[in-house]
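Input: a single structure, listed below in structure tokens.
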Amino acid sequence: MSAESVKENAIRKVIQELIVPDLQKLISKVEILDERLTSVRTELKSDISSLEKELKSDINRLENKIEDNEEKMDIKISALSEKVDLMNKFNDKLFDALHPTK
């Protein structure tokens, strides 16, 4: 083996001893981070699903309230319309009584 080969092998060995342990640490950290990301994604999906259900429920509840209020308003408007019709009839009769046509 030549002197250059011995030097190359020694340098290669030193580089491997310096880099490989750090690579293993980095790989371990990446794996841990990957697991955490997966966990966070799962939690987010669950939270989003729950929020979606809550929003749908809230929207349905609000739609029902709006429909109830519309029905109540229709009833009140109808009642007021009837009162206005009665007032108009009363005013017409009162006018006829005060200004009879011969």
Side-chain angles (χ1 to χ4, degrees):
M1 206 183 257
S2 70
E4 282 185 33
S5 295
V6 171
K7 285 182 184 177
E8 285 177 14
N9 285 338
I11 291 172
R12 189 174 293 128
K13 203 172 207 177
V14 168
I15 290 173
Q16 283 178 344
E17 287 174 3
L18 292 173
I19 294 176
V20 170
D22 287 341
L23 281 176
Q24 290 305 317
K25 287 178 187 175
L26 287 173
I27 289 170
S28 294
K29 287 181 180 181
V30 167
E31 287 172 350
I32 290 169
L33 287 173
D34 210 22
E35 288 173 12
R36 287 183 182 170
L37 277 173
T38 300
S39 175
V40 167
R41 282 187 186 119
T42 303
E43 285 181 42
L44 281 174
K45 284 179 183 177
S46 176
D47 289 349
I48 289 170
S49 178
S50 293
L51 283 173
E52 186 177 35
K53 287 177 186 174
E54 285 180 43
L55 283 173
K56 284 180 180 179
S57 175
D58 288 347
I59 288 169
N60 286 334
R61 193 172 31 82
L62 288 173
E63 284 175 344
N64 291 336
K65 280 186 176 181
I66 289 169
E67 287 175 7
D68 289 345
N69 285 332
E70 284 177 347
E71 288 175 20
K72 289 176 184 176
M73 289 298 294
D74 286 345
I75 291 168
K76 288 180 180 180
I77 288 171
S78 293
L80 286 173
S81 182
E82 289 174 13
K83 287 180 182 178
V84 168
D85 288 344
L86 285 173
M87 272 183 36
N88 286 336
K89 287 179 186 176
F90 177 76
N91 286 339
D92 288 342
K93 288 183 181 183
L94 184 60
F95 183 80
D96 288 344
L98 293 175
H99 307 285
T101 54
K102 296 182 184 181

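What you see below is based on every heavy atom in this structure, not just the backbone, and it leaves out hydrogens, waters and symmetry mates.
In this structure, CD1 in I32 is found 12.5 Å from CG in L37, a value given to the nearest 0.5 Å. One finds the NZ atom of K56 at 9.5 Å from the NZ atom of K53 (value rounded to the nearest 0.5 Å). K72 contributes atom NZ, which lies 10.0 Å from atom NZ of K65 (distance to the nearest 0.5 angstrom). The OG atom of S39 sits 11.5 Å away from the CG atom of D34 when rounded to the nearest 0.5 Å. Note that CD1 of I75 is 12.0 Å distant from CG of L80, once rounded to the nearest 0.5 Å. The CG atom of L55 lies 11.0 Å from the CG atom of N60; values are rounded to the nearest 0.5 Å.
For S81 (side chain) and I77 (main-chain N/O), no donor-acceptor pair under 3.5 Å exists by modelled atom type. The main-chain N or O of S46 is found under 3.5 Å from a side-chain atom of S50 such that the two form a donor-acceptor pair.
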Going through the checks in order, is the salt bridge (Lys or Arg N to Asp or Glu O under 4.0 Å) test met by R61 and D58? CA-CA 5 Å; R61 193 172 31 82; D58 288 347; 2.9 Å; yes
Hey, can you pull the donor-acceptor pairs under 3.5 Å for the side chains in residues 82-97, sequence neighbours left out?
from: N88; atom 1: ND2; to: V84; atom 2: O; distance (Å): 3.4
from: N91; atom 1: ND2; to: M87; atom 2: O; distance (Å): 3.4

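Put simply, the side chain of K45 does not reach to within 4.5 Å of the side chain of S49, judged on heavy atoms.
Scored by the salt bridge (Lys or Arg N to Asp or Glu O under 4.0 Å) test, R41 finds no partners at all (sequence neighbours excluded).
At a cut-off of 3.5 Å, with distance as the only test, a side-chain donor of R12 or N9 sits close to an acceptor on the other residue.
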